[in-house]
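Heads up: the structure comes next, in structure tokens.
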Amino acid sequence: MAFKRSRVQLPYPPPLSMFAELTEDTLLDLDRMRHSAAHIMAAAVCRLHENVLLDIGGPSADDGFYYDFDLSTRLSPEDLPAIEKEMARLIAEDLPFERVEMGREEARRELEQRGQRYKLERLADIPAGEPITFYRCGDFMDLCRGPHAERTGDVKAFALLSVAGSYYRGLETNPMLQRVYGAAFASKAGLDEHLRRLEEARKRDHRRLGRELDLFSITDDVGPGLVHWHPKGARVRCLIEDFWRREHFAEGYDLLYTPHIGRSGLWETSGHLGFYRESMYSPMEIDSGQYFIKPMNCPFHIQIYKSGKRSYRELPLRWAELGTVYRYEKAGVLHGLFRVRGFTQDDAHIFCTPEQIESEIRATVRFAIRLFNAFGFKDFSAFLSTRPAKAIGEPGLWAHATSALETALKSESLAYTVDEGGGAFYGPKVDIKMKDAIGRQWQMSTVQFDFNEPERFDVSYVGEDGREHRPFMVHRALLGSLERFFGVLVEHYGGAFPVWLAPLQARVLPLTDRQAERCRAVLGELRAAGLRADVDESSGKIGAKIRTAQMEKIPYMLILGPKEVESGKVSVRGRAQGDLGAQALPDFIARLRDEDARKI
RNA sequence: GCCCAUGUAGCUCAGUAGGCAGAGCACAUCCUUGGUAAGGAUGAGGUCAGCGGUUCAAUUCCGCUCGUGGGCUCCA
């Protein structure tokens, strides 16, 4: 039984609590207790406000609870303390939760009498034959499946965290309800630990570190969702890209560069204007034609495929591109580097024969994991999304493709969940998720079949039989987008990049001005060895220079005073380890180059 | 897009019950040349997000716009 909720979409803020030490039973107890906390909150709101229309609430994510309701007044964060106080009172009263089962008609009358119109709709959703239950707690009674804690006093520690809008049933055509989120734990210590984790996540927030470490910015003047990579961020990106290119060549990929805009006809053929228009920007007029900025790279890669007649002997073709695309995202969903309007995908398209597809997919999954291992991600799982009701392409093709995906997941021993019918209309897919340093899950890679575009563009190859065949076409992005991947990486490392990715690997610190010249000479040697370094020539004391370097999270500091100048050594300080003593410069350089090469 | 909150110096944040705006850090200049996480002094830096309204007077009150943050997934 799936007691732990999983999500296909990127969660933010992501669930922080891992509860590794908790058993399934205690998790269920926690869920039950949080469900009750949600009811207590609803009861408190009903005590404080008139005409509260209840929708539903319950445990949320894996740390708290929420409840949705419709109120005549708008709740703001300032209202939370009063609700908390009322909740505390209900908890102190230690009221029992009483399960009341009733017939459908009786339930309807009950809800009508209370004027609970959302609840009436929810009641109608309950399939015939299932028991209809209410839970009573003092004078508060709510249609609810349960289960609940025994008494309100079982909620030992809670805090209300935020108010938010929430569409009824999550549909934006429905009225907007008010949602209050809270956290609840079995003990004060659990709650404190949770709040500590929230604080830890805040410290790692890539938007905050992006500013503090001068990595990137997004400015109002240019526009929301459009990223500027500052020198240090750009340096990290460059290192990621260099690594990515080397690995792709080693995996038998070729690289492409394609234009950023294309004629409307191209997008009509591809189907994007039909299916994807709401994510595309308005066309621009060039000569007498309309051009669209690309939301995807695939039509261009297909053009290259079609630039000549292809033989089965050429397949598989693996074509990758760091392709920059622009997509319209609703203003409210933009978020730092995680959700932007212009981004660079580490995109690739694989064209292959049916016989090749299984090994291609396997290699792709293995490749993704290998890449992520290099960045310190170790824990993976996957989602397999299969054929939806409305789909293009023959069922036989779908079955073949889906089994290739599944085989790859099994042979790589990836835990996966099947999202039955959750695939896009044009093909099944696998999404790979991974855990970061503090246990949060991120969905990064996607491997996706496409039965639509090859058809629309009439993509083919000549087989052994001399006849034309349709190749399989697979889209895949491993890192996802460089923007989002970089954001995750910043949070994963908390801004303290390992030596191989650090924008600056070492800083040379003169004790006084008299060592400045020697420091510049040391810098020259570091650079000549291919290392990234600079010198702090400011006039502060050594403590201040160390503090600055420490806050910039530079892996190594080399301190040079009269002693070092005389001995020809450097005093090394590690960002994490502190004072490492004096070393000969060549030894330090060798050590740094070794760490760089070993990606640590 | 929708709900709520929010926007004051490069950053973090005070402040004005409506009367020409303030701190710390960062920056510049000078003094200091100090051995492993902040030496000192002086100075520069603001259309108080933008536009409109009320007012003798608006950064402050009101409206709109833009941006940012939390959400809009699970769900009787």
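Protein chains get the first letters and strands the later ones, always in sequence-line order, with residue 1 at the start of each. Just so we're clear, the structure is a prediction, and the values are computed from it rather than from any experiment.
Comparing the C1' positions of G15(B) and C74(B) gives a spacing of 44 Å, expressed to the nearest Å. Using atom C1' as the reference point in both G19(B) and U55(B), the two lie 12 Å apart (nearest Å). Nucleotides G18(B) and G53(B) are separated by 15 Å at their C1' atoms, to the nearest Å. Across the C1' atoms, U16(B) and A57(B) are found 14 Å apart, a figure rounded to whole Å. Between A14(B) and U59(B), the two C1' atoms lie 14 Å apart (nearest whole Å). Of the C1' atoms belonging to G45(B) and U8(B), the separation is 14 Å, rounded to the nearest Å. For G50(B) and G7(B), the C1' atoms lie 11 Å apart once the distance is rounded to whole Å. Between the C1' atoms of C20(B) and G10(B), the separation comes to 25 Å (whole Å).
Nucleotide G18(B) forms no Watson-Crick or G-U wobble pair with any nucleotide shown, as no partner meets the under 3.5 Å limit on both distances. Under the Watson-Crick and G-U wobble criteria, each requiring two contacts below 3.5 Å, nucleotide U68(B) is paired to A5(B). Nucleotide A38(B) forms no Watson-Crick or G-U wobble pair with any nucleotide shown, as no partner meets the under 3.5 Å limit on both distances. As the counterpart of C27(B), G43(B) is assigned, both hydrogen-bonding distances of the Watson-Crick or G-U wobble pattern falling under 3.5 Å.
A donor-acceptor contact shorter than 3.5 Å links the side chain of Y281(A) to the backbone of R327(A). Judged by distance alone, the side chain of T386(A) and the main-chain N or O of G421(A) form a donor-acceptor pair under 3.5 Å.
The distance from atom CZ of R179(A) to atom P of A5(B) is 18 Å, rounded to the nearest whole Å. Regarding D70(A), its CG atom lies at a distance of 18 Å from the P atom of C2(B), rounded to whole Å. At whole-Å resolution of the value, CD in Q443(A) and C1' in U73(B) are 14 Å apart. Between the CG atom of L80(A) and the P atom of A5(B) there is a distance of 12 Å, given to the nearest Å. Atoms CD (E212(A)) and C1' (G10(B)) sit 14 Å apart, rounded to a whole Å. Atoms CG (D68(A)) and P (C74(B)) sit 10 Å apart, rounded to a whole Å. Rounded to a whole Å, the CD atom of E172(A) is 10 Å from the P atom of C2(B). Nucleotide G7(B) holds its P atom 21 Å from the CD1 atom of I218(A), rounded to whole Å.
Between the side chain of Q515(A) and the base of G35(B), no donor-acceptor pair under 3.5 Å is found. With hydrogens and angles ignored, a donor-acceptor pair closer than 3.5 Å exists between the side chain of Y167(A) and the base of G1(B). No donor-acceptor contact under 3.5 Å links the side chain of R122(A) to the base of A76(B).
Heavy atoms of Q116(A) sit nowhere under 4.0 angstrom from any nucleic acid atom. Among the heavy atoms of the strands lying under 4.0 Å from K119(A) are primed sugar atoms or P, OP1, OP2 only; no base atom is included. Using a 4.0 Å heavy-atom distance criterion, G332(A) is classed as a base contact. Contact annotation for S571(A): base contact, defined as any heavy-atom pair under 4.0 Å involving a base atom. If you check every strand for non-hydrogen atoms under 4.0 Å, I542(A) touches sugar and phosphate atoms only. R74(A) comes within 4.0 angstrom of the backbone, heavy atoms only, and of no base. Within the nucleic acid shown, I132(A) comes within 4.0 Å of at least one base atom, counting heavy atoms only. Base engagement by T133(A) is indicated by at least one non-hydrogen atom pair under 4.0 Å involving a base atom. E130(A) comes within 4.0 angstrom of a base, heavy atoms only. As judged by a 4.0 angstrom heavy-atom cut-off over every strand, Y328(A) is placed among residues touching the sugar-phosphate backbone only. Residue-level contact check: P510(A) touches neither bases nor backbone, having no heavy atom under 4.0 Å from any strand. Across all strands shown, S166(A) has heavy atoms under 4.0 Å from sugar-phosphate atoms exclusively, and none from any base. The residue A544(A) sits close only to the backbone: its heavy atoms come under 4.0 Å of sugar-phosphate atoms, none of a base. D125(A) comes within 4.0 angstrom of no nucleic acid atom, judged by non-hydrogen atoms across all strands.
In the set C72(B), G70(B), U68(B), G70(B) carries the atom at the smallest distance from any side-chain atom of A164(A). Looking at the side chain of L143(A), the nearest of the listed nucleotides C3(B), G35(B), A76(B) is A76(B). Among U36(B), A76(B), C4(B), the nucleotide with an atom closest to any side-chain atom of V163(A) is C4(B). Here the nucleotide nearest the side chain of R211(A), chosen from C11(B), G70(B), U33(B), is C11(B). Distance from the side chain of S162(A) is smallest to G70(B) among G70(B), A76(B), G67(B).
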**Message:** Does Y118(A) form a ring-ring contact (aromatic ring centres under 6.0 Å, His included) with Y168(A)? I'd like the steps, not just the answer.
**Reply:** CA-CA 9 Å; Y118(A) 296 108; Y168(A) 176 54; 4.8 Å; yes
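Contact annotation: R207(A) reaches the phosphate of G69(B) (side-chain N/O to OP1 or OP2, under 4.0 Å). At the phosphate of C72(B), OP1 or OP2 sits under 4.0 Å from a side-chain N or O atom of Y181(A). For G70(B), the OP1/OP2 oxygens have a side-chain nitrogen or oxygen of H335(A) closer than 4.0 Å.
Heavy-atom contacts from other residues, nucleotides or ligands closer than 6.0 Å to CD of E50(A) number 12 or fewer.
With respect to E491(A), the side chain to side chain donor-acceptor pair (under 3.5 Å) criterion is satisfied by exactly one of R204(A), R208(A), R440(A), R207(A): R440(A). Remark: of the listed residues R108(A), Q113(A), R114(A), R114(A) is the sole one forming a side chain to side chain donor-acceptor pair (under 3.5 Å) with E110(A).
Judged by a 6.0 Å distance limit and a 45° cone about the ring axis, R145(A) is not positioned over the six-membered ring of Y135(A).
For the salt bridge (Lys or Arg N to Asp or Glu O under 4.0 Å) test, no residue two or more places apart in sequence or in another chain qualifies with E84(A).
Each of P77(A) and D579(A) has a nearest nucleotide on RNA chain B; the 5'-most of these lies closest to P77(A). When the nearest nucleotides of RNA chain B are assigned to S76(A) and R145(A) by heavy-atom distance, the more 5′-ward of the two goes with S76(A).
How far NE2 of H148(A) is from CD1 of I40(A): 9.0 Å, rounded to the nearest 0.5 Å.
Looking only at atom types and distance, the side chain of Y167(A) has no donor-acceptor partner in the side chain of R169(A) under 3.5 Å away.
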